[in-house]
Amino acid sequence: METFCKSDVRNFFKQNFTFEPEKDWNLPSDDVIFKDPLWVFPTLQESKTRLNRTKSLLDDKGEEWREHTARINKTKLVINYIRKEIRPELLTQAWCIFYEILSNYDLIPNEIDNFKSLHLCEAPGAFISALNCYLCNDDRRIHWKWYANTLNPYYEDLNIKNVISDDRLIFPTLKYWYFGEDNTGDIRNPNFPKNLQKYIGSEGAFHLVTADGSIDCTDNPSEQEIMVSELQFAEMIVALHNLSHGGSFVLKKFTFFESISICKMYFLNCIFKEIHVFKPCTSKSGNSEVFVICLGYDGIDKLGSYLEKLNQNYKSFKDNAMFPFESIPKSFMAQMVKCSNLFVDLQTKTINENLRLFSRPFSDYKAKLEEVQEMCAEEYLERCDIHQGLVIHRLESFKEQIVTSSHDKDHRNGKLLTFQVLHETFENLVVSKSMLSPDILNIERRLDVCVPKDEKRKLDNQEHDNIPKDKKRKLDAQEYGIMPKYEDRRLHDQEWYFIPKKVVEAMKGNVDRNWLLTGKKVHRIQNSKFCNPMLIDLWNKISYRDEINIQNHMPTSHYYWDIDLADLLLKGSKEVADKFCIISMYLKEKELDNDSTLIKLKRVFNKCYNCDFSTVQNDEVKLPQENRIIYINSICWVESLNQELKIKQDFTEVLCKAIKIMKDGNSLIICIQSLLTRYMAGIIFMLLSLFEKYQCLLPDDEAPAFCGQMWILKNFRKSPYTSRVIDYLESIIHFKAPEGMEILETVPVETLCGNEFYEYLLDLNNNNIQRRLSSLISVEKQKL
């Protein structure tokens, strides 16, 4: 650090390797693809051992280490310097990386007026934002068309370790994003390349394809290259299917130790005119991230059946090498070793320097560090030609602030939270994989206490028990940025909410089967646009454990606050209780025996009619004609802590029939365990549009985890579009999805989000799952 000077700063921007092709670098015959077993090259394996030995020095490092490396990052000030000059749509480290790549390599052909780009594994969209700014800085008037793909942040069966839920750019530009026919966004599906071509149609091929994909390797960082190899191979296949002749491809890579990477690099060298490996200065120097810049694509026509054969057989790469070792020239292997060692040396040097500084007081080198950081930021702006005169044309329909499910106003990283929950270090993360229930519950306990961040590590069981109950109820999830900090919003207040105008306006339009979106069947809710994913992750860790006995979490009495539900329904009405009747629609008659809410209502409303919803239309003539209060308790339908996916069909059918028998002024009570999927949120959205006002009650703090939400909808209003809603619900009920597929979305996610309904549902679900999680932990800890 002491000897760092201006020339060192310039060298920091020149971390790259360029392959120099030789005459014998030719594609092997397609007959040998994936025929030989995996092979190893000893020299590169030695480099791998050397790197992993250095990385292992960090296994016992936790949050303090991450704060240290962030503090001493030489390019720490780059984002702030950029923000002073311009304000891109999505300014992140990835934005800086790609803008630096664009400034160093000719990725946009000079002769092109209509430029097309495709961005794979792109969430949250920083490469798109960077390219937009770069094109605005180009003197040429280029018409730009782009498409993108990523793991779908709205698909509920994706693990939050893999999906990025930040949709600030995705949401307003959703029509340009393709998530595949299965709606997951996973490009590893062998049919993805052809399905993408079909979706894009005449818009392909593309002049530029970028691939910024990775997966969470925190469980096994020493094998990052192998763990990411399948995804990176899929990215390459999709790119080569969609690149135009002469086009460019930017692929994120990590290390080059294994045969799968060596073969891939040789393959790219055979089909592109230039291959560069570049480590941007804004890419964290302590990690293995590099970018392979491929220029001058030979074109898919030249490859012929070669690419198709790769696409058909690449799944076998776990057992077989793409090419035999003998088919790769020695001259290429020599350059591959040189390239690999260059970046291994840079990474090990950084780690060792960071370790050396970690043991020293920050004050010893603070002044010199800040000088270096300023020099790097100034050098970046100069090299990338970023200045205040740059006028940015915003991406279509982009809004600077889009509410996301994370409400991450403090920009806390969800993956960082995972580490913190699991005791912060890699060593403890490894231990956690074999944890039993007592250990898991003690870990989750940390999210059940509201204390200042710097006091978290000091808590022991005794301190936890001494914290007042009202403090515990808040959870420190707010501190992590999980929960929205709306002090003035209390979901349990007994006040009616009028139906938002946007809900009614949305339903006045065309409600038809075009809204239906199908995709891969969801087996477990691991992610949700309508609840913070970290809360769902914590819930799943406990609720799906084999030792959980559902009977320990079933309700035995009324738990929906200490209110008079009947009085709530009668409030504001000119009619007395005798003029109302309760119509309870059930699946199985035994549900009615222990339904404490229904029993309580019957004490006030003497007229009560119980009906099996499957025959309710036949009984219409028998139903009382007084002011109807229809009661549906779907929580009783299935004995499960995770029942939302199991009741979708029945829930839709019972609501459809309920709407058919409703008259103006009627009310509806729905008890439901959760509302986390696009499917169920859409059903409630449509339902709300038919009423004047609503409110939702959550169980009190003593309620068991089985309980959920109680929606009360008042003053049914038969509108001109009611019949369309009924027809649409019936089309959902009778829809036959292909095998392995199902309806995922009943109302477009663009319609569901970005309004008051979404804000309300997000807060509601966060509070609901938080309370259920607290109850679940409490009961299970008492058992243990």
Side-chain angles (χ1 to χ4, degrees), residues 151-165 167 179 182-186 216 404-407 414 417-418 440 444 447 477 482-483 517-546 548 550 553 634-635 637-652 670-685 698 705-709 711 737 740-747 749 752-753 758 761-777:
L151 285 178
N152 190 350
Y154 311 124
Y155 180 72
E156 290 88 0
D157 204 352
L158 286 175
N159 192 299
I160 62 165
K161 289 184 178 181
N162 300 324
V163 68
I164 296 175
S165 59
D167 62 347
F179 301 119
D182 62 3
N183 200 239
T184 66
D186 191 346
D216 182 13
T404 68
S405 56
S406 295
H407 268 273
L417 175 60
T418 304
I440 291 290
E444 311 309 343
L447 287 177
I482 289 181
M483 293 292 294
L517 179 67
T518 60
K520 186 178 179 182
K521 191 175 180 65
V522 175
H523 297 285
R524 179 180 295 191
I525 301 173
Q526 303 186 72
N527 175 49
S528 173
K529 175 66 177 172
F530 309 101
C531 181
N532 185 271
M534 289 306 302
L535 286 174
I536 297 175
D537 185 54
L538 297 177
W539 169 262
N540 287 340
K541 282 178 183 175
I542 301 178
S543 66
Y544 280 100
R545 298 184 74 82
D546 294 337
I548 296 291
I550 184 66
H553 304 280
S634 66
I635 298 177
W637 295 353
V638 180
E639 289 192 0
S640 170
L641 290 174
N642 300 282
Q643 60 180 227
E644 181 172 339
L645 298 175
K646 301 175 182 180
I647 67 168
K648 288 166 54 176
Q649 184 74 11
D650 288 335
F651 188 75
T652 307
I670 303 171
C671 298
I672 188 166
Q673 197 178 73
S674 64
L675 280 173
L676 301 175
T677 61
R678 289 173 286 168
Y679 182 104
M680 295 293 271
I683 297 294
I684 293 296
F685 184 91
L698 293 181
F706 189 84
C707 294
Q709 309 167 7
W711 286 78
M741 306 278 275
E742 67 177 351
I743 297 174
L744 299 177
E745 201 171 272
T746 51
V747 173
V749 71
L752 291 176
C753 303
Y758 174 67
L761 185 58
L762 180 62
D763 280 359
L764 177 73
N765 282 333
N766 281 338
N767 278 280
N768 185 28
I769 199 167
Q770 172 184 311
R771 295 182 192 197
R772 295 180 66 206
L773 180 62
S774 179
S775 174
L776 184 62
I777 292 172

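Residue numbers start at 1 and run along the sequence shown. The figures here come from the full heavy-atom set of this structure, side chains too, leaving out hydrogens, waters and symmetry mates.
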Between [X] and [Y], is any pair of side-chain heavy atoms under 4.5 Å apart?
| X | Y | value |
| --- | --- | --- |
| N527 | E156 | no |
| K161 | D537 | no |
| E742 | Y679 | no |
| W637 | Q643 | no |
| F706 | I635 | yes |
| V522 | L744 | yes |
| M741 | K521 | no |
| W539 | L776 | yes |

Between the main-chain N or O of [Y] and the side-chain N or O of [X], is there a donor-acceptor pair closer than 3.5 Å?
| X | Y | answer |
| --- | --- | --- |
| S775 | R771 | no |
| R678 | E745 | no |
| Y544 | N642 | no |
| D157 | H523 | yes |
| N766 | N532 | yes |
| S634 | C671 | yes |

Measuring from [X]:[atom1] to [Y]:[atom2], what's the distance to the nearest 0.5 Å?
| X | Y | atom1 | atom2 | answer |
| --- | --- | --- | --- | --- |
| C753 | D167 | SG | CG | 7.5 Å |
| I160 | N540 | CD1 | CG | 9.0 Å |
| L761 | L675 | CG | CG | 6.0 Å |
| R772 | N767 | CZ | CG | 13.5 Å |
| Q709 | S674 | CD | OG | 7.0 Å |
| R524 | L158 | CZ | CG | 13.5 Å |

Derivation of the side-chain hydrogen bond (donor to acceptor under 3.5 Å, both in side chains) call for E644 and T677: CA-CA 8 Å; E644 181 172 339; T677 61; 2.7 Å; yes

Stepwise, does the side chain to side chain contact (heavy atoms under 4.5 Å, CB included) test hold for K646 with S640? CA-CA 9 Å; K646 301 175 182 180; S640 170; 3.5 Å; yes

Regarding K529 and the six-membered ring of Y154, is the cationic atom NZ or CZ under 6.0 Å from the ring centre and inside 45° of its axis? no

So which atom in [X] and which in [Y] form the shortest heavy-atom distance, rounded to 0.1 Å?
| X | Y | answer |
| --- | --- | --- |
| I769 | C531 | CG2-SG, 3.6 Å |
| I550 | L641 | CD1-CG, 3.5 Å |
| L752 | Y758 | O-CB, 3.4 Å |

Is the NZ atom of K648 crowded by more than 12 outside heavy atoms at less than 6.0 Å? yes

Of I536, L535, L676, which is the lone residue that meets side chain to side chain contact (heavy atoms under 4.5 Å, CB included) with N765? L676

Intermediate values then yes/no, side chain to side chain contact (heavy atoms under 4.5 Å, CB included), L517 and I743: CA-CA 6 Å; L517 179 67; I743 297 174; over 6 Å; no

For N152, which of D186, T184, N183 qualifies under side-chain hydrogen bond (donor to acceptor under 3.5 Å, both in side chains)? N183

